[in-house]
Amino acid sequence: MAGTSNTGEDAPRRTRGRGARVAVWDAGRTTSRPFDALDALRARLFAGLAAEIRVEAEAGRLVLWLPVLFAAGILLYFGAEQEPSLVACLILTAALLAATLAVRARAFSFAVLAGVTALACGFTLACLQTARIARPVLIPPPGSVRLTGFVEHLEKRAAADRILLRVERAQAKGLDFKPERVRLSLPRGSAPTVGTGLSVSARLLPPLGPAMAGAHDFGRAPWFAGIDAVGFALSPPKPADLAGAPPLAVRVAALVHGVRVALAARIRLVLSGAAADIAVALVTGDRSSIAPAVEESMRLSGLTHVLSISGLHMALVAGTLFALVRGLLALFPPLALGAPVKSLAALCALIGSALYLILSGNDVAAQRSFLMLGLVLLGVIVGRAALTLRSVAVAAVLVLAAAPVSVLDPGMQMSFAATLALVAAFERLRPLRLGWTADGRMARIALKVLLFVGGLALTSLVAGLATAPYGALHFQRIGAYGLLSNLAAMPAVSFLVMPFGLLGVLLLPFGLDSLAWPIMGLGIDIMVGVSDKVAALPGAGLRTDWFNPPAVLAASLALLCLCLLRGRLAAIALVPALAALALGGAPPRADILVAPNGRTVAVRAADGRLSILGATSNRMVADQWLSRESDTRTSQAEGLADAFRCDRLGCTAATAGGVLAVSRRPEGLEADCLNAALIVSPHPAPKKCPARVITPADMAHTGTLSLFRAAEGNSNARDWRIVPARSPRQQRPWMPLLPPVAEGEQGAGSAQQVEEDAAR
């Protein structure tokens, strides 16, 4: 009873106490916490971003991201180690397309699935393009090959002539199959004209791969272009009487080549020296006669884009034709009042640009520029907005659909980056310009001059910033004075060089072209003078290896966000921009590099630079090694192999991991095994050799080998970390088939050994 009474008396107390505690808790809940303000700010921020995204979606601007995802799908395809299944790609893309159409009434789901479908379409289209080409990689025999066929393309260079031969017959012992097209270097002045049949004894080179891990794959683009092999003639070619007419493509090429040669001859009758060489390059697309010193000057000053037929030249030709035709038609009142003069002028500009594309050699960069310009002119013809972000997006999809491999081309990347940035910049500045007015004739002239100079400066600045990461990634160069050189030289190019070059072509049928070439030459002299002055400035042609692929991908995303998003959404670009800064930096530099031929070997010298032995035996690889490290030297530089000491048996060099021996004769291998930690030799080493041996047979699996010291100060030959230019797991249609690994093969560069090193 007592217990019950106590319990009854205590119950109200407990209730009252619990109520007091609950009151305290409730009061704590209503009191603002330190992070409530941040939570509210975050909620408002996300709500604002969601609202702006809805505005972008309602305006149809999210569609601009579909070409980006389309290109990302192509990049994903080329990043695969093995060739994907085309059937699986087609099934997946069809399923995604059907799912996208099924949810088109749901905005969010439709947007997400549309993006994934664009990604899959890019991947599948690239796979389909590769399957359409589907031919093996030619492994040439060690001896000479007798080739007979028609000359399809000709370039006369300073050191040699280069032709593209459409092969009709190929004779050689051990030749796997007849190549369809072969690019050959011939003795200077020995190449016949395009369309001629010839027979030549040639040495075909092995397929070109990356010069080192992460470098450009030189065998990919020729394979997609239909070139089966490259090589050089062992003797001057001989005329060949082939049965039947040349293929249609060869006959058209011969006709165009004849026109280009005749036009170049007319230019050289009036101009000479660098002015003639550059005029011929700008009118006919033939850059072979431009002196290396002039090209280097243009490269250092940031004006090298003027020498390559691209968007600048297409725009100037089309703009000149458009203004000329429109002005002439305006002189006749009946036409000016009753005919669509603007559309007719745009049509004439489109036709003239197409003829210029053919005349200038139909280069890939010129094709991209013509496609972009064609969309702009078609917009003018039908009365739509000419150059918008939508036209850039459509052009990108068309270019990538026609040639998916072009997504890896530096020219394509830089061209569309510059175009995207310029279109976005001028779209945002257009409302400001509409409010600019001036009273009086002189004030209007001054305003126009100001707008021209300001527009030129803005164009150079925006295009230079947009393309800088790609130029640094692919060429390890940054044009420090590009803005200065373009401001000084582009007026001459815009008002003298290209317009009077076009006028010279138009006057050629009437025999009056000599009136235009001197003025064009004057503009070229001004441009070259500016280039030489700027190239002589300290720091011109700045070289850097700071930009790597991850950093450039992040910078590309930042550029896309900045150009395709509006309002506060554009601030998202700060995230990938900061990521690009965090990811940038010089890559690790190898201590030793060994080319597949076994004769070109580089070591890291005491000054930190590469010392290359046998650079002249593989100049392209040696130049790539130096360029990738931002080294200004070339494969022909004196003292490039100073770190090596050589005799008749071979060469040696001291490295951080011991002595490197490059053996030339088998009788020197025994001494090398006793004294060296690493041996590069074309001959097999003794069985009990304690040194690590690399042979060309080993590198047939891997390509160039990059060796890094895994343990500082340890001279053990097994402490090298080896990075091959080609992973043993990688096999794509444009790559030579990996030879089978012999049982028990343990060479330093063998696939088995490389896998073991990677696992360690």
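A quick note: this is a predicted structure, and the numbers were derived from the prediction, not measured. For this chain, numbers begin at 1 and follow the sequence in order.
- The number of heavy-atom neighbours closer than 6.0 Å to CZ of Phe177, taken from other residues, nucleotides and ligands shown, is above 12.
- Close placement of the Phe78 and Trp734 rings is indicated, their centers lying within 6.0 Å of each other.
- Of the possible polar contacts, none joining the Ser460 side chain to the Ala457 backbone as a donor-acceptor pair under 3.5 Å is found.
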| message | Working note: Leu205 + Phe232, criterion side-chain contact (heavy atoms from CB on, under 4.5 Å); need CA distance, chi angles, decisive distance, verdict. | response | CA-CA 8 Å; Leu205 302 176; Phe232 57 91; 3.8 Å; yes
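- Every residue two or more places apart in sequence or in another chain that forms a side chain to side chain contact (heavy atoms under 4.5 Å, CB included) with Asp409 is listed here: Arg368, Met412.
- For the pair Thr130 (side chain) and Ala126 (backbone), a donor-acceptor distance under 3.5 Å is present.
- A donor-acceptor contact shorter than 3.5 Å is absent between the side chain of Arg220 and the backbone of Val405.
- No side-chain heavy atom of Leu184 sits less than 4.5 Å from a side-chain heavy atom of Val230.
- For Arg146, the CZ atom sits in a packed shell: over 12 heavy atoms of surrounding residues, nucleotides or ligands are nearer than 6.0 Å.
- A side-chain donor from one of His474 and Gln413 sits under 3.5 Å from a side-chain acceptor of the other.
- Of the possible polar contacts, none joining the Trp517 side chain to the Leu271 backbone as a donor-acceptor pair under 3.5 Å is found.
- Looking at Val394 and Val397, their side chains never come closer than 4.5 Å, going by heavy atoms from C-beta outward.
- Heavy atoms only, all atoms of each residue included: Val392 and Phe416 are closest at O-CE2, 3.9 Å.
- How far CG of Leu537 is from CG of Leu484: 7.0 Å, rounded to the nearest 0.5 Å.
- Distance check, rounded to the nearest 0.5 Å: CZ of Phe495 to CE of Met490 gives 10.0 Å.
- Ser391 contributes a side-chain N or O that, together with a main-chain N or O of Thr388, makes up a donor-acceptor pair within less than 3.5 Å.
- The distance from the OG atom of Ser627 to the CZ atom of Arg633 is 12.5 Å, given to the nearest 0.5 Å.
- Using modelled atom types and a 3.5 Å distance limit, the side chains of Ser617 and Thr600 yield a donor-acceptor pair.
- Contact annotation: the side chain of Leu307 approaches that of Arg287 to within less than 4.5 Å [non-hydrogen atoms, C-beta and beyond].
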Atom pairs and distances, side-chain donor-acceptor, residues 236-261, under 3.5 Å, sequence neighbours left out:
unit_1, atom_1, unit_2, atom_2, d
Arg251, NH1, Pro246, O, 2.6
Arg260, NE, Thr284, O, 2.9
Arg260, NE, Leu359, O, 3.2
Arg260, NH2, Thr284, O, 2.7

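- Contact between Ala276 and Ile267 at its shortest, heavy atoms only, is O-CG2, 4.4 Å.
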| request: Begin with the C-alpha distance, continue with both residues' side-chain angles, and end with the deciding distance and a verdict on side-chain contact (heavy atoms from CB on, under 4.5 Å) for Asn486 and Leu456. | output: CA-CA 8 Å; Asn486 279 275; Leu456 186 59; 5.7 Å; no
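- Between the Ser288 side chain and the Lys156 main chain, a donor and an acceptor come within less than 3.5 Å of each other.
- Under the salt bridge (charged side-chain N to carboxylate O under 4.0 Å, His left out) criterion, Asp513 pairs with Arg266, sequence neighbours left out.
- Remark: the backbone N or O of Pro192 is not paired with any side-chain donor or acceptor of Thr196 at under 3.5 angstrom.
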Can you give me every donor-acceptor pair (side chain of residues 498-507, partner residue at least two apart or in another chain, under 3.5 Å) with its distance?
none

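- More than 12 non-hydrogen atoms from other residues, nucleotides or ligands lie less than 6.0 angstrom from CZ of Phe475.
- Annotation for Val151 and Val194: closest pair O-CG1, 3.4 Å, computed over non-hydrogen atoms.
- Taken to the nearest 0.5 Å, the CG atom of Leu398 stands 13.0 Å off from the CD atom of Gln367.
- Shown here for Ala211 and Trp625, the closest heavy-atom pair between the two residues is O-NE1, 2.9 Å.
- The closest side-chain heavy-atom distance from Ser406 to Val399 is below 4.5 Å.
- The CD atom of Glu155 sits 7.0 Å away from the CG atom of Asp286 when rounded to the nearest 0.5 Å.
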Table please: side-chain donor-acceptor pairs of residues 339-357 below 3.5 Å, with sequence neighbours left out.
unit_1, atom_1, unit_2, atom_2, d
Ser343, OG, Ile381, O, 3.0
Ser353, OG, Ala349, O, 2.7
Tyr356, OH, Leu282, O, 2.5

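- Judged by distance alone, the side chain of Asp161 and the main-chain N or O of Arg188 form no donor-acceptor pair under 3.5 Å.
- Taking CD from Glu152 and CG from Leu164, the interatomic distance works out to 5.0 Å, rounded to the nearest 0.5 Å.
- Taking the side chain as every heavy atom from C-beta outward, Leu198 and Thr148 never approach each other to under 4.5 Å.
- Looking only at atom types and distance, the side chain of Arg543 has no donor-acceptor partner in the side chain of Thr632 under 3.5 Å away.
- Side-chain atoms of Asp623 come within 3.5 Å of backbone N or O of Ser635 as a donor-acceptor pair.
- Contact check for Trp223 versus Val137: side-chain heavy atoms found under the 4.5 Å cut-off.
- Residues Glu296 and Arg477 are paired through a salt bridge, judged by an N-O separation under 4.0 Å between the basic side chain and the carboxylate.
- Gly209 approaches Asp217 most closely through the heavy-atom pair CA-OD1, 3.7 Å.
- A salt bridge between Asp228 and Arg183 is absent, with no side-chain N of the basic residue lying under 4.0 Å from a carboxylate O of the acidic one.
- Glu180 and Lys178 are joined by a salt bridge, as a carboxylate oxygen and a charged side-chain nitrogen come within less than 4.0 angstrom of each other.
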| said: Is there a side-chain contact (heavy atoms from CB on, under 4.5 Å) between Ser289 and Arg268? Walk through the geometry before answering. | reply: CA-CA 12 Å; Ser289 60; Arg268 294 188 185 280; 2.9 Å; yes
When the side chains of residues 519-535 are checked against the rest of the protein, which donor-acceptor pairs come out under 3.5 Å, sequence neighbours left out?
unit_1, atom_1, unit_2, atom_2, d
Ser531, OG, Ser297, O, 3.0
Ser531, OG, Ser297, OG, 2.8
Ser531, OG, Met298, N, 3.3
Ser531, OG, Ser301, OG, 3.0
Asp532, OD1, Ser297, OG, 2.7

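- Arg135 approaches Pro222 most closely through the heavy-atom pair NH2-O, 3.9 Å.
- The main-chain N or O of Thr544 is found under 3.5 Å from a side-chain atom of Ser630 such that the two form a donor-acceptor pair.
- Using a 4.5 Å heavy-atom cutoff, the side chains of Val182 and Ile227 are not in contact.
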| For Ser185 and Arg157, what are the C-alpha separation, side-chain angles and deciding distance, and is it a side-chain hydrogen bond (donor to acceptor under 3.5 Å, both in side chains)? | CA-CA 10 Å; Ser185 294; Arg157 301 192 167 193; over 6 Å; no
